[in-house]
Amino acid sequence: MCGIVGYIGWREAWPILAAGLHRLEYRGYDSAGVAVVAADGELKVCKSRGRVDELERMAASHDVTGRVGIAHTRWATHGEPNDRNAHPHCSASGGLAIIHNGIIENHAVLREALEAEGYGFRSDTDTEVIVQLIEYIRDRSGCSLIEAVRGALGELVGAWAVAVVERGEAGRIIAARKSSPLVVGVGEGEFFLASDATPIVEYTDRVVYPADGQIVELSLAEGLRVTDMAGNEAGVEIEQLRLSISQLEKGGYPHFMLKEIFEQPGTVVDAIRGRVDAGLSEVVLSGVRDNRERFLGARRIVIVACGTSWHAGLIGEYMIEEMCRVPVEVEYASEFRYRDPVIEPGDVVIAISQSGETADTLAAVEMARGRGAFIFGVCNVVGSSIARATHSGAYIHVGPETGVASTKAFTGQVTVLMMLALAVGRLRGSVTAEFVADKIKHLCALPGQIAGILSRAAEVADLAKNFTYARNFLYLGRGYSYPAALEGALKLKEISYIHAEGYPAAEMKHGPIALVDSEMPVVVIATTDGVYEKTINNIREIKARGGRIIAVVDHDDTVVRGIADHVIEIPRTCPHLAPVLASVPLQLLAYHIAVNKGRDVDRPRNLAKSVTVE
Ligand code: AGP
């Protein structure tokens, strides 16, 4: 989703802004643009539909020199993706330029009011309203730019991260955020601004995360100043960034997604590291230990998340109910936040989010927090909005995930949820020490088992060749394998654009079986667990109707092998962790089918990595 970059300092801004836009490409976008203030105060804007490469080509024939600038990648919400709607947007006089990530819900009424005052609009965006409003306030009252920005933001309903530059003012950028991410990098005599830390990391490891409702002034003369919406000074807390450039590169892989799939033996180790005691008998999660009364007293647990994180949440539900004997509900954050749910003090809400910036999950957290629930975050991005809005949590520590299709974050989330269930189960006395020790053994075996699956990746690549031209896919599983089936289907559809549905295997007979014919590949996760025999019956039902079965089975399975058209073997583990192992070959299957179809695997159409609008 939209990406923001800004620079002010002693270097030429454009090369830094262009590199930053490339770093933010993974978020998904359809146009890009830049505004630079030259040394003589001239404000130069250059923008176009399409990729950052196109903007760079365009900028090569425009003068974009200057040491102060803002740049943007736009993921269209209001108005189609074209040159006109690309950011930056300028005020009527051309004296101000703005970039924006978020949605202004009351843009129509503000636009109407400004039009009535004689302001003309050049785009269909909600963003243009903000810059016109800033200029209107300043023209009418003669106030300073920051006061006009504060006044305009006070009129807005919605979410924003904005950055504003001004003609004639080659020494200042004003930025602000509410419910959309923004990070400030603090260098020597220079400042950086971005939607996340990836464009900043090669210049400085000192960052400031402005809080919701704060306004940031970056000035060459006066340094960094942070104020709130009332104009009160806010403290500036500089944090150290723990991110390296090598984590942001492809490292020889053709796509980030493939690199991230292959990183999983290491990322699962990172998720477990320091959380299992030396005797391999206890899980120690500081977020649980420090809040033991909350988990002991919990009447119920509600999990909120979106997409892949929601699938991990479903596995978390099964684990926590089984091991902690406390009722768990899993909610799509987007539904939860708007349906007036019963949330009371004493409830524990677990928010799962890779990016930590998903707008619906953040809003769900804020609502539940407002109603007195204890909020526990399972996030990847350290310092992200959701991580900061929670009372406590456990990071999954899988490193930056750049491919739009989530892979290593999913396996990291399931790993952390398993540890959470074990820690809380032990706390509540609902699982024995022996049970925990046995599960720790399985957890510690995961990295080696994933490495084993990856060593046979070529077999999945071969298999994928048979299905490149399939038009539909079904993914089935029961018990813990059901969420893994949902996740397998999501991976395939988002990067290959093949229609794929995940279903509980037994639900087949209640409708979807009507779709099965000899053209229909059906992926069934049939690992050995309490419902293995039942899953075999479901496979037979599909075969009887001519369906083509691709079965994910334990390496020593003999029964399903005799019925399925193709098998993908995975090592044996406990049922709780089988989704981690099953998801790895399904990630590879989706990846290779998408590559065979020539899809843009890391940046699939219409999708954004960080969904920062609802
Ligand atoms: C996964 O492959 C997706 N692209 C998407 O469903 C994602 O999981 C969802 O948008 C939630 O994101 P989050 O984990 O960053 O909150």
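All ligand and atom numbering here is 1-based and tracks the order in the structure.
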task: Kindly assign one of parallel, tilted or perpendicular to the pair Phe374 and Phe295, based on the angle between their ring planes and the thresholds 30° and 60°.
output: perpendicular
task: Mark up the atoms of ligand 1 that fall under 4.0 Å of a heavy atom belonging to Ala405, in ascending order.
output: 2 (O)
- prompt: Counting both backbone and side chain atoms, is some N or O of Ser353 under 3.5 Å from an N or O of ligand 1?
  reply: yes
field: Proximal atoms of ligand 1 relative to Ser406 (non-hydrogen, under 4.0 Å)
entry: 1 (C), 2 (O)
query: What distance do Ser180 atom OG and Ile4 atom CD1 have between them, rounded to the nearest 0.5 Å?
result: 7.5 Å
message: Suppose I only count heavy atoms of Ser309 and a 4.0 Å limit; which atoms of ligand 1 are within that range?
response: 8 (O), 13 (P), 14 (O)
query: Got Leu417 and Ile315 here, is their nearest side-chain heavy-atom distance under 4.5 Å?
result: no
message: I'd like to check whether Val404 has a polar contact with ligand 1, where a contact means an N/O of the residue lying under 3.5 Å from an N/O of the ligand.
response: yes
query: In the protein, what heavy atom is nearest to atom 13 (P) of ligand 1, and what distance, to one decimal place, separates them?
result: Thr358 OG1, 3.2 Å
field: atom 11 (C) of ligand 1 [closest protein heavy-atom partner, distance rounded to 0.1 Å]
entry: Cys306 O, 3.3 Å
- request: Would you kindly specify which portion of Lys609 sits under 4.0 Å from ligand 1, judged on non-hydrogen atoms: side chain, backbone, both or neither?
  value: neither
message: Tell me whether the NZ or CZ atom of Arg51 lies within the 45° cone about the ring axis of Tyr29 and under 6.0 Å from its centre.
response: yes
Protein contact of atom 2 (O) of ligand 1 - nearest heavy atom, named by residue and atom, plus distance: Glu494 OE2, 2.3 Å
query: Using the ring of each side chain (for Trp, its six-membered ring), is His72 parallel, tilted or perpendicular to His87, with breaks at 30° and 60°?
result: parallel
- line: Closest to atom 15 (O) of ligand 1 among protein heavy atoms sits Ser355 OG, 2.6 Å
message: Only heavy atoms of Lys491, strictly under 4.0 Å: list the atoms of ligand 1 that pass.
response: 1 (C), 2 (O)
message: Between Asp30 and Arg49 (salt bridge meaning N to carboxylate O under 4.0 Å), is one present in this structure?
response: no
field: SB check Asp602 Lys609 (cutoff 4.0 Å)
entry: no
query: Of the backbone atoms (N, CA, C, O) and the side-chain heavy atoms from C-beta on, which set of Glu357 has a member under 4.0 Å from an atom of ligand 1: side chain, backbone, both, or neither?
result: neither
- line: of all protein heavy atoms, closest to atom 5 (C) of ligand 1 is Thr308 N, 4.2 Å
- request: Give me the ring orientation class for Tyr332 and Trp310: parallel if the planes are under 30° apart, tilted from 30 to 60°, perpendicular past 60°.
  value: parallel
task: Please test Tyr480 against Glu322 for side-chain contact (heavy atoms from CB on, under 4.5 Å), starting from the C-alpha separation and ending with a verdict.
output: CA-CA 11 Å; Tyr480 284 97; Glu322 184 186 323; 2.8 Å; yes
Protein heavy atom at shortest distance from atom 10 (O) of ligand 1: Val611 CG2, 3.9 Å
